[in-house]
Amino acid sequence: MEIRPATESDFDAMWGIFKAAIASEDALPFAGAFQADTFRSHWFGGQAAHVAVQESRVVGMYKMGANFPDLGAHVASATYVVDPLAQGRGIGRALVQHSLDRARSEGFLAMQFNYVVSTNAPAVALYRTLGFAVVGTLPAAFRHRALGLVDVYVMHRFL
């Protein structure tokens, strides 16, 4: 598997993965009405996006940048999405590890995830094994399609 910077030619594959990931309404705070133009501005805007490619096919992606500008710019944040058909193969782990290496090399001192759905057990477990801790809980902050209102975690680790 290769992880490389995303290019405009990756857009259709990335958009397809994103649509598939939000369709279940169980892990990301975006509903099915999310528009392609909004996706493009989020993923090809201010934060650099990377894709995981396996056998010439995009199977996952992440974007990473400063959590906040100015006085909070020493803390990175990232968003990860793995093709639902490719989950369970270590792609998410590889993406997170790649982003942590990039964050270190770019001078960030920590990584923080602002919105981890508490019932997304694979993501929570992965982040914990990579040294992240839950530092805050937002009660009933996510409207899960099957479970109703569930908590959201803020997760953090120093680099």
Side-chain angles (χ1 to χ4, degrees), residues 1-108 110-120 122-124 126-127 130 132 138 141-146 150 152-156 159:
M1 177 176 53
E2 173 194 14
I3 298 176
R4 61 166 173 74
T7 65
E8 185 61 36
S9 66
D10 297 316
F11 177 81
D12 289 338
M14 293 170 68
W15 174 235
I17 289 169
F18 187 80
K19 285 192 309 184
I22 66 172
S24 59
E25 296 181 2
D26 64 358
L28 295 169
F30 309 104
F34 200 82
Q35 297 294 310
D37 288 341
T38 305
F39 173 81
R40 184 184 305 277
S41 69
H42 279 255
W43 284 83
F44 288 92
Q47 296 184 341
H50 282 68
V51 292
V53 179
Q54 215 167 37
E55 298 174 7
S56 302
R57 186 174 151 258
V58 175
V59 292
M61 58 195 178
Y62 79 88
K63 65 180 183 124
M64 185 207 75
N67 194 31
F68 287 99
D70 302 327
L71 302 179
H74 59 286
V75 178
S77 188
T79 302
Y80 310 91
V81 184
V82 174
D83 184 335
L85 299 175
Q87 290 177 352
R89 298 185 201 164
I91 296 164
R93 176 178 295 275
L95 290 169
V96 176
Q97 289 174 321
H98 190 271
S99 70
L100 289 170
D101 290 343
R102 271 192 54 226
R104 268 188 223 91
S105 71
E106 292 178 21
F108 290 103
M111 176 83 77
Q112 176 176 312
F113 303 143
N114 299 318
Y115 205 90
V116 180
V117 178
S118 63
T119 55
N120 186 354
V124 172
L126 171 62
Y127 300 154
L130 294 174
F132 288 85
L138 309 173
F142 181 77
R143 191 176 303 278
H144 192 286
R145 173 185 270 173
V150 299
V152 168
Y153 296 144
V154 177
M155 299 186 78
H156 176 275
L159 301 174

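- Residues Arg145 and Asp26 are not in side-chain contact: their nearest non-hydrogen atoms beyond the backbone lie 4.5 Å or more apart.
- Nearest heavy-atom pair, Ala31 versus Ile22, reported as atom, atom and distance to 0.1 Å: O-CD1, 3.3 Å.
- Put simply, the side chain of Arg93 never gets that close to the backbone of Leu130: no donor and acceptor are under 3.5 Å apart.
- Side-chain atoms of Gln35 come within 3.5 Å of backbone atoms of Ala33 as a donor-acceptor pair (strictly under, hydrogens ignored).
- Contact of the Arg4 side chain with the Val51 side chain is registered, since non-hydrogen atoms from C-beta on lie closer than 4.5 Å.
- Nearest heavy-atom pair, Leu95 versus Ala52, reported as atom, atom and distance to 0.1 Å: CD2-CB, 3.9 Å.
- Using bins of under 30°, 30° to 60° and over 60° for the plane-to-plane angle, the ring pair Phe113/Phe132 lands in the parallel bin.
- Taking all atoms of both residues into account, the shortest heavy-atom contact from Ala141 to Val152 is CB-CG2, 3.8 Å.
- Between Ala13 and Val58, the shortest heavy-atom distance links the atoms CB-CB, 3.8 Å.
- Take His50 and apply the ring pair (Phe, Tyr, Trp, His ring centres under 6.0 Å) test, not counting sequence neighbours, and it matches Tyr62, His98.
- Tyr115 is listed as a side-chain neighbour of Phe142, based on a closest heavy-atom distance under 4.5 Å.
- For the pair Ser99 and Met111, the minimum side-chain heavy-atom distance is below 4.5 Å.
- Taking the side chain as every heavy atom from C-beta outward, Phe108 and Asn67 never approach each other to under 4.5 Å.
- Each of Tyr80, Phe11, Phe34 was checked for a ring pair (Phe, Tyr, Trp, His ring centres under 6.0 Å) with Phe18, and the lone residue meeting it is Phe34.
- Counting heavy atoms from C-beta outward, Val116 and Ser118 have side chains that stay 4.5 Å or more apart.
- Residues Met14 and Arg40 are not in side-chain contact: their nearest non-hydrogen atoms beyond the backbone lie 4.5 Å or more apart.
- Annotation for Asn114 and Leu138: closest pair O-CD1, 4.2 Å, computed over non-hydrogen atoms.
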- Output, in order, the C-alpha distance, side-chain angles, deciding distance and verdict of side-chain contact (heavy atoms from CB on, under 4.5 Å) for Arg57 and Asp83. CA-CA 10 Å; Arg57 186 174 151 258; Asp83 184 335; 2.5 Å; yes
